[in-house]
Enquirer: 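Once you've had a glance at the structure underneath, I'll fire off some questions.
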Amino acid sequence: MQDGATAEKVPRSARFIDLSDYARPLAAWLARRLSDTRVRAPHVTLLWLLIGLGGAYCYALGDYTFAVLGAAAMQVKNVLDAVDGSLARLQKRPSRIGRFLDSICDSIVAFALCAALAVAISRDRPAAYAAALASAALIFGLLQGSVFNYYYVRFRERRGGDTTSHVKEQLTPEDRARYADRPAALVVLRVLIGAYNSIYGWQDVLVQRIDRWAAAPLRRSGRVDDAAALRDDGRLLTAVSALGPGLLILILDVNTVAGARHLVLALELFLWTVALGGTLYALSIFLRLRKTATRLAGQQE
């Protein structure tokens, strides 16, 4: 481990309770033990991609024992998903390439998992219903993750945290300068950014627009700093962290273990929780933000 390196995304003074990042202590412990080896963050990313795909395959088999094995694989994937970033920071090798590789691999695992759950559920339910429910859970689950990502990224930018992510993802002048002497790496970065925006671009734009609507009363009254402070509050970050993928995996694991008698029903309930419950929860956060912004805008300065 290099001197002055840290496994955390934000400085200690800016930390908040991250409900989705419960695996971080174990991940940081593992990352510290790997930091002086030849293992690099992309190696870990590709490992958890394979484990996540294996876990999805276990769910597709539709057997309870294999489903529990799949749940365990998803939790291992969740831990390793936190290891790669921690390892990169400890080795002082955080990169934009690694950042996009991580997000794209996350979407691949999410797609495979939802497809696998649809296959498992279709054994007892109409295939069209299973496919529609899984598709809704995939789309709204990724959108919910974008809500958390948006607020967490802008929080890190304002608090001096990890700088590999931006609110609006595109090839930056800093990217061009960093990879000026490595044209092949720059091409890889271009491809990854394009793939990222194909998957997450519309979600990021939608989240930003809803956020602007929520903070509009303060911005219209000229209180731009108050609008920014409202969205940098640690309590808000804790609230939106419930939309992160780590907590979804935990809910899936709990449902799976509880589905000894009715596995299909347990998996079906998980997909409804993501598609409907998570979406309503995200909407409640935006409505509360709007209500708070309206109240603060009406107060005398």
Side-chain angles (χ1 to χ4, degrees), residues 1-11 21 24 27-28 30-54 77-112 142 145-146 148-150 152-205 207-208 244-245:
M1 182 171 64
Q2 300 188 36
D3 293 340
T6 177
E8 305 298 333
K9 289 185 177 182
V10 294
D21 203 27
R24 181 66 58 182
L30 289 171
R32 291 188 185 97
R33 275 137 190 84
L34 292 172
S35 61
D36 293 326
T37 71
R38 298 178 65 180
V39 176
R40 298 291 181 259
H43 301 153
V44 179
T45 302
L46 295 177
L47 175 60
W48 65 248
L49 170 62
L50 294 176
I51 292 173
L53 293 176
K77 177 266 177 192
N78 184 48
V79 173
L80 294 179
D81 196 356
V83 169
D84 53 9
S86 294
L87 180 61
R89 287 185 289 275
L90 287 171
Q91 294 177 335
K92 293 192 174 181
R93 299 172 65 95
S95 72
R96 295 271 284 161
I97 288 178
R99 175 262 183 277
F100 290 111
L101 181 64
D102 186 287
S103 292
I104 292 168
C105 287
D106 255 332
S107 68
I108 292 172
V109 172
F111 177 85
L142 290 176
S146 293
F148 174 50
N149 181 70
Y150 169 75
Y152 197 11
V153 168
R154 72 185 305 279
F155 182 78
R156 295 201 304 264
E157 287 180 344
R158 293 171 60 85
R159 298 299 181 91
D162 181 272
T163 59
T164 56
S165 298
H166 305 304
V167 168
K168 183 178 181 180
E169 292 294 9
Q170 57 188 353
L171 193 69
T172 66
E174 291 78 11
D175 293 332
R176 297 176 189 276
R178 178 169 184 175
Y179 295 105
D181 58 342
R182 290 183 288 166
L186 185 59
V187 170
V188 170
L189 180 58
R190 285 181 184 273
V191 171
L192 290 176
I193 292 176
Y196 173 90
N197 282 321
S198 296
I199 299 167
Y200 296 100
W202 69 271
Q203 302 166 52
D204 291 345
V205 170
V207 171
Q208 291 170 40

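Counting from 1, the numbers follow the sequence of the chain as shown. Both backbone and side-chain heavy atoms feed into the values below; hydrogens, waters and symmetry mates do not.
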Enquirer: Please check if the side chain of Gln208 supplies one atom and the backbone of Val167 the other of a donor-acceptor pair under 3.5 Å.
Expert: yes
Enquirer: Heavy atoms only: give me the nearest Cys105-Thr45 pair and the separation to one decimal.
Expert: SG-CG2, 4.0 Å
Enquirer: Please answer whether the main-chain N or O of Ala82 pairs with a side-chain N or O of Arg24 as donor and acceptor at a distance below 3.5 Å.
Expert: yes
Enquirer: Within the side chain of Arg40, is there an N or O that forms a donor-acceptor pair under 3.5 Å with the backbone of Thr37?
Expert: yes
Enquirer: Would you give the length of the straight line joining atom CG of Asn149 to atom CZ of Arg154, rounded to the nearest 0.5 angstrom?
Expert: 12.5 Å
Enquirer: Can you check side chain to side chain contact (heavy atoms under 4.5 Å, CB included) on Val83 and Arg33, steps first, answer last?
Expert: CA-CA 11 Å; Val83 169; Arg33 275 137 190 84; over 6 Å; no
Enquirer: I need the minimum non-hydrogen distance between Ser146 and Gln203, along with the two atoms involved.
Expert: OG-OE1, 3.1 Å
Enquirer: Within this structure, what is the CG-CG distance for the pair Asp81 and Asp106, rounded to the nearest 0.5 Å?
Expert: 4.5 Å
Enquirer: Under 3.5 Å, which donor-acceptor pairs do the side chains of residues 95-102 form with other protein atoms, sequence neighbours left out?
Expert:
from	atom 1	to	atom 2	distance (Å)
Ser95	OG	Gly98	N	2.9
Arg96	NE	Asp175	OD1	3.2
Arg96	NE	Asp175	OD2	3.4
Arg96	NH1	Thr164	O	2.9
Arg96	NH1	Glu169	OE1	2.8
Arg96	NH2	Glu169	OE1	3.3
Arg96	NH2	Gln170	O	3.0
Arg96	NH2	Asp175	OD2	3.3
Arg99	NE	Ser165	OG	3.2
Arg99	NE	Glu169	OE2	3.0
Arg99	NH1	Ser103	OG	2.6
Arg99	NH2	Glu169	OE2	3.2
Arg99	NH2	Tyr196	OH	3.4

Enquirer: Please examine the side chains of Leu47 and Asp84, heavy atoms only from C-beta on, and report whether any two atoms are closer than 4.5 Å.
Expert: no
Enquirer: Parallel, tilted or perpendicular: which one describes the rings of Phe155 and Tyr152, with boundaries at 30° and 60°?
Expert: tilted
Enquirer: Please step through side chain to side chain contact (heavy atoms under 4.5 Å, CB included) for the pair Leu34 and Leu90, ending with a clear verdict.
Expert: CA-CA 9 Å; Leu34 292 172; Leu90 287 171; over 6 Å; no
Enquirer: How long is the straight-line distance from CZ of Phe148 back to CG of Asp21, given to the nearest 0.5 Å?
Expert: 7.0 Å
Enquirer: The test is side chain to side chain contact (heavy atoms under 4.5 Å, CB included); show your working for Ile199 and Phe111 and say whether it passes.
Expert: CA-CA 11 Å; Ile199 299 167; Phe111 177 85; over 6 Å; no
Enquirer: Heavy atoms, side chains only, cut-off 4.5 Å: are Ile108 and Leu53 in contact?
Expert: yes
Enquirer: Which value, rounded to the nearest 0.5 Å, describes the distance between Asn78 atom CG and Ile51 atom CD1?
Expert: 11.5 Å
Enquirer: Between the side chain of Gln91 and the main-chain N/O of Val39, is any donor-acceptor distance below 3.5 Å?
Expert: yes
Enquirer: Looking at every heavy atom in both Arg89 and Asp162, which two are closest together, and how far apart are they?
Expert: NH1-OD2, 3.5 Å
Enquirer: About how many Å separate CZ of Arg176 and CG of Leu189, when rounded to the nearest 0.5 Å?
Expert: 10.0 Å
Enquirer: Is there a side chain to side chain contact (heavy atoms under 4.5 Å, CB included) between Lys168 and Asp204? Walk through the geometry before answering.
Expert: CA-CA 8 Å; Lys168 183 178 181 180; Asp204 291 345; over 6 Å; no
Enquirer: Taking C-beta and beyond as the side chain, do Trp48 and Val109 meet within less than 4.5 Å on heavy atoms?
Expert: yes
